Structure formats: structure tokens, C-alpha cells
Number of protein chains: 2
Amino acid sequence: MKIVVIDDDKLVAISLKTILEATGRITVAAMGSSGAEAIRLYEAEKPDVMLMDIRMDGMTGLEAGEQILKASPDAKLLYLTTFSDDEYIVKALRMGAKGYILKQDFEGIAPALEAVMRGQSVFGETIISRLPEMMKQPETYDYAAHGISEKEREIMELVAEGLSNKEIAARLCLGEGTVRNYVSELLDKLSLRDRTQLAVYYYTEVKA
Amino acid sequence: MKIVVIDDDKLVAISLKTILEATGRITVAAMGSSGAEAIRLYEAEKPDVMLMDIRMDGMTGLEAGEQILKASPDAKLLYLTTFSDDEYIVKALRMGAKGYILKQDFEGIAPALEAVMRGQSVFGETIISRLPEMMKQPETYDYAAHGISEKEREIMELVAEGLSNKEIAARLCLGEGTVRNYVSELLDKLSLRDRTQLAVYYYTEVKA
DNA sequence: GCGCGGATATGACATTTGTCATGTCACAAA
DNA sequence: TTTGTGACATGACAAATGTCATATCCGCGC
């Protein structure tokens, strides 16, 4: 397997080369230390996988990756990071990177490269554990816990759609005053002041 | 590396054993064909990694996984699937599975196991490519396209926090009437009726 | 039967909200 | 200089909103 290593810390780059080549199954065809070099070396070597530091002086690994993927959409990019910067994870994923692992995890790098070459995606443990929070959690809101009745829930949803009391009354075949009472009751239970806060509450707490 | 294979298709299980043991680095300590067996065998063998089909008769691989993780939180579970069922991916991730790959990808399974044993997470290509959609898209809302000025944007955000006109005025050092004018202007531009609809708009269109 | 609580309703009331017309001020373009 | 033009403000007004006290009806437990 032919790879290219990009890291602006020469020492790290060399250590990586040593470790990886010691496996006998990996050849480091070239090394670079900047985003610009990454782009050039990818084109020149067309490695099976490119192992790249995500943060470097000048062009970041992500920007370089974007360029590379634009030219070679099936490029396999495996990012290295010192500590998992939440910010980058999502960007890298969206960009189409094949993985994102910790530099410290020397032993894990070779297997990760192999898995990536086989078309899989690899993520360090601390990284993947952050994904769940990033995805919509279906943590269903517990109406009962807040003493919200079924009817009140219904009213809340309609308020959260932007309907006026009159419209809600029409929709549910109730008197407008009744709807007001429900809204008032809800505001009281949830310690809110007005229907707008109720809508905000709905989007931030209930449906979040 | 010691693993346990769970698949309700005996043929698949045996094929896996053959392929994996051929690498010389993997030992299949036991095989099972149901969720219940998975739980029992995990306890009995304490394998480095457990390779498990995600859909089986009776208890699904996910349920079994939950039980196993409850008893052994650091268990490493690598799921196999025939075709990527979107539904399961998220659940598996949230549950704490270490990976999710396609059965068809025979060659990839061994490297995936190694990576998982090193503490990484592995996902088949078709799987990871679905993640981006599942995560919040940062499609930034184009204020300019709707003729929303900077100040108006600020007002909108405060309304969307549930503040009253008076509170917004205080926050921004403006007259209350001025704030009303801004709100009124916003409602006009966005064809809305009241501040509640503005908040709803904010959560559904701008910040969605 | 009696009383009680919940769902529904009404009316009165104060407040907030949205609209509009109008005014001031600064600053830039003509 | 004059003339916009945009940011900020005021006041008046009508409509919507939130609160509260109160009333009716209905079913349920005793």
C-alpha cells in the first residue's frame, strides 16, 4: 500500500514513516509539510491513502483536502489530529474524508490505513463518541413530567406554529377564551411570560 | 486477537471464520446465531471484538448489544449488515457500537477488526456517506436575500429568544417604539403576522 | 344524592403588540 | 447647498394577548 504523509512537524512525519514501513505492508512514497505540498504530492504520487495532519501553518489540512477531492473525488484522506477539535470533525466528515484519528495512537494508525484502503472509514474513539450529540437526538420530551395534559400539548404545538388564539380556537372547535385559558395555564406551568416564549420553549426544549 | 462471530446464517458464520482465521492474526473463539447466544458467548469468552449481524430472528443485534454494553461498557462491537439500513446506523452509533460494515466486503472485515481492537471505529463507505445528511447542515440562511439588515437580524434573534419589545429596547439601548418599528418592518418583509410567527420562522427557516 | 375536580366557557380588565404618520439628526450624493 | 436617505424616535390607535373571577356541565367516588 502506497501512502503519502503530510505533517508540518518533521519529526512526526519521520516517526510515522518509520513505524508504518516497519509493518512491511506500507510504503511511504513521499512526505510533505504543508497544504500546498499535499496537493502537489497527491497529484504526483496518487497514493492509495493520504495521511495528513489537519492543522498546519498556512493552508489547513481541510482546505488542502477539499482541493484534492475536487480534482480526485475518490481520494482517500485520513486525517491526523493531536486532540479532537470538534469543529473539524464535522467539516472533515462532510467534506468526504475517510477518517480522523489521533496522532498519539501510533499502533492504531497502520490498521486504520488498511481499513481505509479497503474503502472503510475510521475514527478514533474520542471522536466517534462525540457524533451522537451532533446528531439529532430523539430524546422524547416528557410532557407528563411537566404536568402538561394532552390538550395543552396540542395547544402548545399550535402556538408553536404561529397560530393566533382565534385560529387555534377555530382549529380545535373551542372558544377563544378557552384557548386563552389553556395558553395561560401553559405559561404558568412552564414559568413563561407570553406565547412567543412558549414557541421558543417548544423549539428549544421540546422539539430540539 | 480473539473474536466471537454471531450470525444467524450458519453459512455466513462459517465463511467468516474461515476467512478471518486465514489471516493468521485472528482467532474465532466461538460462534453463535442469536442475540441470546451473543450475550452468553460474550460473557463466556470476553473476546477482544465481537462481530455480530445486526438483524437476526428474535432479539436483534442491537438489543443484544445493549445488554452486552450494559454489563461490559467497554465491549467492542462491530456490526455486520447486508445493506445499510439507515435506521440502525444512528441507533448503533448512539448505543456505542464500534463500527458498522457491510458483510459483502469480505476483504475489509479483517482490517476493520484490527482497527476496532486498537480502539478505533470503522464504518463502511456507504454508511459514512449518509452521516453528513444526518447531521445539522450549516446551510447558512441568507439574510441579504430577504433584505434583512444587520440590525433587523439582531432584533429577530432577540425576538426568537422570547424577549419583549421593552427588553429588546433595553438590551440594545433603543427606544421601545423603535424596536416595534423594526419588528413591524421584519414582519412586513417576511410576510408574517406577529412576533410569535417571527420566532417560529427563525427556528424553522433560519436556524433549522 | 352530594360534592369534587376537570373541561369548557364568558366577561372585564390591564398590558403588550403591531401599524402608521410624523419628526429629528447625521451624512453622503448631487 | 440642497436633497435625499437611513437610523432612531415619538405618539396615537386598534387589535391581540394574558389574567382572573366566575359559571356551567359532566362523570366519579362515597
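Convention: sequence-line order gives letters A, B, ...; per-chain numbering from 1. Being a predicted model, the structure only gives us computed values, none of them experimental.
- B:E176 places its CD atom 14 Å from the C1' atom of D:dA12, with the value rounded to the nearest Å.
- The ring-ring contact (aromatic ring centres under 6.0 Å, His included) test applied to A:Y143 returns A:Y141, not counting sequence neighbours.
- Annotation: side chain to side chain donor-acceptor pair (under 3.5 Å) contacts of A:R153 (sequence neighbours excluded): A:E150, A:E157.
- The footprint of chain B on DNA chain C, defined by a heavy-atom cutoff below 4.0 Å, extends from C:dT17 to C:dC20.
- B:A115 meets the side-chain contact (heavy atoms from CB on, under 4.5 Å) test with A:P111, B:Q120, B:V122; sequence neighbours excluded.
- Shown here are the side chain to side chain donor-acceptor pair (under 3.5 Å) partners of A:S15, two or more places apart in sequence or in another chain: there are none.
- Atom pair B:Q197:CD and D:dA15:P shows a separation of 18 Å (rounding to whole Å applied).
- Ring geometry, B:Y100 versus B:Y79: the interplanar angle falls from 30° to 60°, so the pair is classed tilted.
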Taking only distance into account, with no hydrogens and no angle test, what donor-acceptor pairs under 3.5 Å do side-chain atoms of residues 170-184 of chain B form with protein atoms, sequence neighbours excluded?
residue: B:E176; atom: OE2; partner: B:R180; partner atom: NH2; Å: 3.2

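- A:K166 has its NZ atom 5 Å from the P atom of D:dA16, to the nearest Å.
- Computed from coordinates, the A:E167 CD to D:dA15 C1' distance equals 13 Å when rounded to whole Å.
- Residue A:S164 is in sugar-phosphate contact alone, with no base atom involved, counting any heavy-atom pair closer than 4.0 Å across all strands shown.
- A sub-4.0 Å separation between OP1 or OP2 of D:dA7 and a side-chain N or O of B:Y182 is absent.
- Judged as a side chain to side chain donor-acceptor pair (under 3.5 Å), and not counting sequence neighbours, A:D9 has no contacts.
- Atom CG of A:L186 is separated from atom P of D:dT17 by 15 Å (rounded to the nearest Å).
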Show me the protein contacts with nucleotides 18-24 of chain D, counting only N or O atoms at under 3.5 Å.
residue: D:dG18; atom: OP1; partner: A:R195; partner atom: N; Å: 2.4
residue: D:dG18; atom: OP2; partner: A:R195; partner atom: NH1; Å: 2.7
residue: D:dG18; atom: N7; partner: A:R180; partner atom: NH1; Å: 3.4
residue: D:dG18; atom: O6; partner: A:R180; partner atom: NH1; Å: 2.5
residue: D:dT19; atom: OP2; partner: A:S184; partner atom: OG; Å: 2.4
residue: D:dC20; atom: N4; partner: A:N181; partner atom: OD1; Å: 3.2

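- Legend: salt bridge (Lys or Arg N to Asp or Glu O under 4.0 Å) pairs involving residues 184-193 of chain A, not counting sequence neighbours, sorted by first then second residue: A:E152-A:K189, A:R193-B:E167.
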